[in-house]
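Notes follow the structure.
Values below: all heavy atoms of this structure, side chains included; hydrogens, waters and symmetry mates excluded. From a predicted model like this one, the values you see are computed outputs, not experimental measurements.
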Amino acid sequence: MSVEGVDEQLREDLVLYALDALPASESAAIERALSERPELWQIVIENREALASTTPASLPPAPDRVWDNIASAIGLDDGDAEVVAADRRIESDANHREAPSSGNVAPFPSQRIASGWMWKVAVAASVAAVVSFGLGRASVGGGDPLETLAKQVAESPGSVTATLEADGVAAQIVLAESGEGFLLTDNLPALDPSRTYQLWAVTAGGVTSAGVLGSDPGVVAFHTARAHEVEALVITEENAGGVVTSEGTVVATWGV
Amino acid sequence: MNDEALTDDELVRRTSAGDRTAFRMVYERHSGSVLALAKRVLRNQHLAEEVTQDVFVQLWNDPDRYDPSRGSLRTFLLTMTHGKSVDSVRSETSRRAREEREARLVPVVTGGVDDDVERSSEADMVRSALTDLSSEQRDPIELAYFGGQTYREVAQTLGLPEGTVKSRIRIGMATLAKSMGSPA
């Protein structure tokens, strides 16, 4: 950062402030410092600009219902909306070719889990000699930025789609070779907020959490092993917040 | 109006003057990113849409809060989005912890493991800029930014001293800013 004369402790706190990672009790002191030394804003701004760069810029607008609610809240009448809508450009897919995130986040990246159903799944998956992902394409609609990203993943080389099923429920997942994946569609019943669906990936190395899907999933992004390494996928129901080792029940499976 | 001919700053200036078409153009340009970030943090479509609505209604009601000297409109909107999303995450976490305390009738000193796992598991979609960082630097940034954790919670989640977390975040952010073309 280009601002001089800032001690390391303050600089660290300014970075944390930019991240919204300071407890409220510590934010007040930083806000006072920013008020007394406006040049410190430069550090916050540079960090916020960097953070903003981690969110794709070329995404289609939010669904129309969001605009409708905004228009209602600010008293925008239908006539205004129609005039504006005439200007609206729906950009082609070609303009949204920004690659989906290829991050390898997994804050517990190396944790292996094995309990209850997990051992059975891992063994069953390891017995399968050939892993046969269907190479179909996900049919997702436009409108939601994540759906757009999911569609790009579905069309990327090496991507695979899989339908996890059991007892009348089904969930379609698309997974890029990079490990980026999306839950596209599902008929999973909404759970009590104290519960959540959680996705697990089975590879030769074991069973790992691919992400917490929430109590009423829509299109959800996740990251797991590379597509060709994934032998099976399992959705379980867990306590809200998810778990490192599954303690819940299996809801739907693929490849098991 | 040709939206490509107008800069964000010009659109906000017009919005400030009550130009609803300009405001709609701001929405068309940025609502996708706003919704995507909110959803990354909140992992809930409905809540993310509510945050998106709040962000744009606030922009309409108080457009002068946007100060071009303090970054781009996109950064302003995403900063607002992140703040609102994190507030929601922390509020939900507090609510859940309170309910658990009441249910168990025993004192709970810190957030439960489940909360930590939730917040960390939610941070599972990032762009390549972050993946260029070492996991040492990337993990605390992701837990804080996409998981909505304070640095103290990040330290608890990762089992590291708070000072170490602060230092790793600062170094990681400097690297990220440099890769984005900002001064390191």
Side-chain angles (χ1 to χ4, degrees), chain A residues 1-2 11-12 15-16 19-23 41 45-57 59-63 66-67 69-70 73-74 76 80 83-84 87-89 101-109 145-146 180 209 211-212 214 218 220-223 239-244, chain B residues 1 3 20-21 24 27-28 31-33 35-37 39 43-45 49 52-53 56-57 60 70-71 74-75 78-79 82-83 86 96 114-115 117-118 120-131 135 139 142-145 149-152 157 166-167 169-170 173 176-177 180 182-183:
Chain A
M1 304 297 175
S2 56
R11 192 178 290 274
E12 285 178 351
V15 173
L16 294 172
L19 274 159
D20 293 320
L22 280 177
W41 270 109
I45 291 166
E46 287 169 1
N47 280 280
R48 284 180 173 170
E49 295 278 3
L51 289 166
S53 71
T54 65
T55 296
L59 295 172
V66 177
W67 172 257
N69 289 336
I70 293 168
I74 66 175
L76 186 66
D80 289 331
V83 170
V84 178
D87 250 353
R88 183 171 179 170
R89 292 180 302 109
S101 61
S102 57
N104 184 10
V105 183
F108 301 100
L146 284 185
E180 289 304 317
S209 172
V212 176
V220 179
F222 61 88
H223 189 278
N239 285 328
V243 292
V244 175
Chain B
M1 195 184 313
D3 59 346
R20 293 172 174 185
T21 303
R24 174 68 184 247
Y27 175 85
E28 295 291 329
S31 64
S33 295
L35 179 62
L37 176 59
K39 195 165 178 185
R43 280 307 181 105
N44 180 299
Q45 178 74 23
E49 290 184 7
T52 303
Q53 289 165 208
F56 283 95
V57 168
W60 172 260
R70 290 188 178 172
R74 173 178 150 77
T75 296
L78 291 179
T79 297
H82 190 259
V86 165
R96 191 180 305 141
D114 284 358
D115 289 341
V117 173
E118 177 186 37
S120 52
S121 298
E122 284 169 345
D124 65 356
M125 179 179 145
V126 292
R127 297 185 67 208
S128 58
L130 277 178
T131 61
S135 62
D139 289 350
E142 288 169 347
L143 286 169
Y145 191 61
Q149 296 192 12
T150 67
Y151 76 89
R152 290 179 178 174
T157 300
K166 291 171 84 170
S167 172
I169 287 177
R170 181 182 64 76
M173 285 303 302
L176 182 63
M180 295 296 115
S182 300

Close side-chain approach of B:W60 and A:I70, heavy atoms under 4.5 Å = no
Note: B:V86 and A:D20 closest approach over all heavy atoms is CG1-O, 4.3 Å
### Task
Apply side-chain contact (heavy atoms from CB on, under 4.5 Å) to B:R74 and A:T55, showing your working.
CA-CA 10 Å; B:R74 173 178 150 77; A:T55 296; 4.1 Å; yes
Below 4.5 Å, heavy atoms only, C-beta onward: do B:F56 and A:I74 meet side chain to side chain? no
Checklist entry - Do B:E28 and A:W67 touch side chain to side chain, with heavy atoms closer than 4.5 Å? => result no
Heavy atoms of A:A52 and B:T75 approach each other most closely as CB-OG1, 3.6 Å
dist B:L176:CG -> A:E46:CD (nearest 0.5 Å) comes out at 12.0 Å
>> Any non-hydrogen side-chain atom of B:L37 less than 4.5 Å from a side-chain atom of A:T54?
In response: no
Of the listed B:R70, B:R152, B:R170, the one with the largest count of heavy-atom pairs under 4.5 Å with chain A is B:R70
Here the pair of heavy atoms bringing B:E49 nearest to A:P63 is OE2-CG, 4.0 Å
Most contact-rich option vs chain B, by heavy-atom pairs under 4.5 angstrom, among A:N69, A:L51, A:L22, is A:L51
Minimal heavy-atom distance between B:A177 and A:A50, with the atoms involved, is CA-CB, 3.8 Å
Quiz item: Hey, are the side chains of A:L59 and B:S31 touching, using non-hydrogen atoms and a 4.5 Å cut-off?
Solution: no
So CD of A:E12 and CE of B:M173: to nearest 0.5 Å the spacing works out to 13.0 Å
Whatever's closer than 4.5 Å to a heavy atom in chain B on A:L16 counts as side chain
Closest non-hydrogen atoms of A:L19 and B:H82, given as atom of the first, atom of the second and distance, are O-CE1, 3.2 Å
For B:L35 and A:A62 the tightest heavy-atom approach is CD2-CB, 3.8 Å
